[in-house]
Amino acid sequence: MSSASTANIDVLLSEHRRFPPPEPFRSHALVRDGTFAADADRDPVAFWEARARELEWITPWHSALEWTPPFAKWFLGGTLNASVNCVDRHIRGARRNAAAIIWEGEPGDRRTLTYWDLYREVNQAANMLRALGVKKGDRVAIYLPLVPEAVVSMLACARIGAIHSVVFGGFSPDSLRDRINDAGATVLITADGGYRRGQVVPLKRNADAAIAECPTIEHVVVVQRRSGSGPDESFAEMQEGRDHWWHRLMRKAAQWCEPEVMDAEDLLFILYTSGTTGKPKGIAHSTGGYLTGAAATMKYVFDLRDDDVFWCTADVGWITGHSYLTYGPLANGATCVLYEGAPDWPTQDRFWSMCERYGVTIFYTAPTAIRAFMKWGTSFVTPHDLSRLRLLGSVGEPINPEAWIWYHEVIGKGRCPIVDTWWQTETGAIMITPLPGATETKPGSATMPFPGIRAALMDANANEIVEGGGLLTITHPWPSMLRTIWGDRQRYVDTYFSKWPGRPDLYFAGDGAKRDADGYYWILGRVDDVLNVAGHRIGTMEVESALVDHPAVAEAAVVGKHHELKGQAIAAFVTLRAGHHASSELRDTLREHVALKIGALARPDDILFSADLPKTRSGKIMRRLLRDIAEGRALGDTTTLADPSVVASLKDQYESQES
Ligand code: WT7
């Protein structure tokens, strides 16, 4: 367990505050007591079947679950189409004219799409992709800002059975290239640009740089995002034959597109996430199981009603943007707010002015954002009318009790329950969470597993820890679990189901957690070489590979250090090749180099040059000691080091650099 998390334990152990569901909320909630969860616990498979029945199927399944650890199949024999569930279903009923998407661009431009509008766009976009030769099972890469076309593109893929792979717009050309090539995508959907803090992010230019090395790409569709008059050539040079403007193709596309009949187990999408090696993993999700998990958690965790206005601040490039911007809300016919830009643009009250403008009732964000709001101060919040808010959510990293209380008091005015939701790209949907009308919450605890989910803590030998700290595992398959890692079944087995030898039925989440006497879970953070920087997962190996890719670098070791806002920040220890010398210019160059190779989110905060790295006699880098140095702690045990003087000199250097 990282030492950052051990420090957290003390804070969490002393947290004794309790927040029962407030009465006005509870009395109107979908779930008001423990019977819903207790029923699910008696028969999780029957519970999930009931949830799956809340979707629209073309043919019903003949068996609910086939579990050959570690491979699960859900709803066997069942067929459905995800886009029909998200759109067609609603235009036949009372939600036809309701807003599906209320979108705001960073510059302030706005668009609202009703379910009817969305239905038309999804059909046309599906026909557009078919006209470009995309067939069932083909992969389509999506590299877009947070514009309605991102959601439309995902649903259009789902309609024709193409597997989408959304790549976050903040990723670099190299990262985009690697993801396209791993998936073998034939079409890329991008935009001329997107807005971030008043600047244009040149997505098409990045895409051009990427696909110069992507042999499988046949067509590029470009959304015209830049406002004003017509496309700006400098942001989008269109290559004849290969590149097409989205709006031109859409004009030619027919209105009705027959949806593909998808098997429940057919893949819906791939989403790449960082692991403990340099190579990101393509997490593969199924159609029937994933949609069941996303839709059910959306409804019950967020206590969703037709008159709600739901705002999840995540980007479509992350799993949260898949499950709670797209599939979960739309499968339920919800109204969602989508915002393209930064929370502090043009001023630090952007989120609260938007909550007021659209009458947001459910707000779902990340602890890193909450800590930034705390720092900016309540004067940005209080002028805005937030009286429509009734429920708040948190996701992405452990929320410290102080931030939880601030969120509860300043944003929720003490009226709104908070759902702290633990889950992962791999789990597809929320796994550990309060049910806001039924669960008494404790600040800093994600509370208990969602109905139908079985979690436990284990020690290294798979002995269950009923009270105390251990490794978090899911002990029973669930519908929205990942099915494989794209192109690497063995890595799926090794990463998630091999932690406890002889127990391929236990899913290893990679997190450490504590369970208290009431059975509440307190997530402590990653126990592997994965960092969580501002709610985003970054592998230390990825950053190390990017550093050693620079000609000046001989060796690099990357660790996480506690950061007030981001949760964790990246600290890198670097040794240089002969002929290169440490300097502040080189430090800046290397930081930029990592941002260029991976994306700005991976830019190291600190780089320390060193003549040597602390290693064991067998040559293994002692990360624990590097973390101690990066966090300014007294050094732990150094007796196993090959050369103990290395760390002492590193520590001196680090401290002199800080001052
Ligand atoms: C990792 C998964 C799930 C969407 C966002 C991140 C951490 C996530 C919580 C939470 C404590 C959390 C875990 C997990 N995490 N939510 N409520 N409390 N930690 O998705 O990139 O797949 O990262 O985020 O460490 O393993 P992801």
Side-chain angles (χ1 to χ4, degrees), residues 1-13 44 67 69-70 72 273-277 281 283 319 395-399 420-433 442 444-450 453-478 480-482 485 491-532 535 537-541 559-560 567-568 620 623-624 627 636:
M1 195 164 307
S2 83
S3 31
S5 12
T6 16
N8 287 339
I9 297 180
D10 301 335
V11 177
L12 295 177
L13 282 176
W67 179 221
T273 187
S274 295
T276 52
T277 72
K281 303 174 281 194
I283 305 300
I319 190 68
V395 62
E397 52 176 313
I399 180 165
D420 172 4
T421 61
W422 176 87
W423 59 295
Q424 308 177 297
T425 306
E426 292 87 343
T427 69
I430 292 168
M431 301 292 280
I432 302 183
T433 178
K442 306 180 185 183
S445 169
T447 75
M448 279 170 290
F450 184 77
I453 299 296
R454 288 194 173 153
L457 299 184
M458 299 285 175
D459 70 9
N461 303 314
N463 298 309
E464 188 168 347
I465 291 157
V466 177
E467 200 184 326
L471 301 171
L472 182 59
T473 171
I474 310 298
T475 62
H476 189 274
W478 66 102
S480 64
M481 66 192 274
L482 77 164
I485 291 176
R491 193 173 176 194
Y492 164 84
V493 178
D494 294 346
T495 309
Y496 304 110
F497 296 95
S498 302
K499 181 76 188 171
W500 296 280
R503 295 297 305 273
D505 56 320
L506 296 179
Y507 171 83
F508 172 53
D511 280 308
K514 187 180 82 78
R515 204 165 178 270
D516 69 18
D518 301 325
Y520 278 48
Y521 288 84
W522 302 73
I523 311 294
L524 301 171
R526 305 288 309 189
V527 293
D528 52 10
D529 287 329
V530 172
L531 308 179
N532 188 328
R537 231 203 252 193
I538 297 166
T540 52
M541 281 274 283
V559 297
Q568 277 192 308
K620 203 172 166 286
R623 289 166 189 285
R624 178 176 55 79
R627 278 194 294 264

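Both backbone and side-chain heavy atoms feed into the values below; hydrogens, waters and symmetry mates do not. Residues: numbered from 1 along the sequence shown.
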Which pair of heavy atoms, one from G539 and one from S274, lies closest together, and at what distance? N-CB, 3.5 Å
Restricting to non-hydrogen atoms, name the atom on G525 and the atom on P398 that form the minimum distance, rounded to 0.1 Å. N-CG, 4.5 Å
List the steps, then state whether side chain to side chain donor-acceptor pair (under 3.5 Å) holds for N461 with W500. CA-CA 7 Å; N461 303 314; W500 296 280; over 6 Å; no
Can you check side chain to side chain contact (heavy atoms under 4.5 Å, CB included) on D516 and Y521, steps first, answer last? CA-CA 7 Å; D516 69 18; Y521 288 84; over 6 Å; no
Check whether any side-chain heavy atom of L506 lies under 4.5 Å from a side-chain heavy atom of T475, and answer yes or no. yes
Should W422 and V395 count as side-chain neighbours, where that means a heavy-atom distance under 4.5 Å? no
Distance-only polar pair, side chains of D505 and W67, donor-acceptor under 3.5 Å: no
Mind checking side chain to side chain contact (heavy atoms under 4.5 Å, CB included) for D528 and listing every partner two or more places apart, or none if nothing turns up? T276, R526, V530
Roughly how far apart are I283 CD1 and L482 CG, rounded to 0.5 Å? 5.0 Å
How far apart are the C-alpha atoms of I432 and I453, what are their side-chain angles, what is the distance that settles it, and do they pass the side chain to side chain contact (heavy atoms under 4.5 Å, CB included) test? CA-CA 8 Å; I432 302 183; I453 299 296; 5.7 Å; no
Is it true that a side-chain atom of Q424 and a backbone atom of A509 form a donor plus acceptor pair closer than 3.5 Å? yes
Donor-acceptor check, side chain of N532 to backbone of G396, threshold 3.5 angstrom: yes or no? yes
Does T421 reach the main-chain N or O of T433 with its side chain, forming a donor-acceptor pair under 3.5 Å? no
Decide side chain to side chain contact (heavy atoms under 4.5 Å, CB included) for R491 and T277; before the verdict, give the C-alpha distance in whole Å, the side-chain angles of both, and the deciding distance to 0.1 Å. CA-CA 11 Å; R491 193 173 176 194; T277 72; 3.0 Å; yes
For a 4.5 angstrom cut-off between non-hydrogen side-chain atoms, does Y507 reach Y496? yes
Electrostatic pair R537-E426, nearest N-O below 4.0 angstrom: yes
Closest non-hydrogen atoms of P69 and P504, given as atom of the first, atom of the second and distance, are CB-O, 3.6 Å
Approximate separation, where rounding is to 0.5 Å, of M448 CE and M431 CE: 15.5 Å
Distance-minimising heavy-atom pair for D459 and I465: N-CD1, 3.6 Å
pair K499-L471: side-chain heavy atoms closer than 4.5 Å: yes
Kindly indicate whether a cation-pi arrangement holds for K442 with Y520, taking the cut-offs as under 6.0 Å to the six-membered ring centre and within 45° of the axis. yes
For a side chain to side chain contact (heavy atoms under 4.5 Å, CB included) check, start with the C-alpha distance between T473 and L457, then their side-chain angles and the critical distance, and finish with the verdict. CA-CA 6 Å; T473 171; L457 299 184; over 6 Å; no
Donor-acceptor check, side chain of Y492 to backbone of F497, threshold 3.5 angstrom: yes or no? no
Just verifying a value: how many Å separate L524 CG and D511 CG, rounded to the nearest 0.5 Å? 8.5 Å
Go through the structure and list residues passing side chain to side chain contact (heavy atoms under 4.5 Å, CB included) with S498, not counting sequence neighbours. V493, D494
Which pair of heavy atoms, one from G535 and one from E397, lies closest together, and at what distance? N-OE2, 3.7 Å
Mind listing the closest non-hydrogen atom pair of T495 and F508 along with its distance? O-CD2, 4.0 Å
Quick one: does S480's side chain have a donor or acceptor within less than 3.5 Å of a partner on T427's backbone? yes
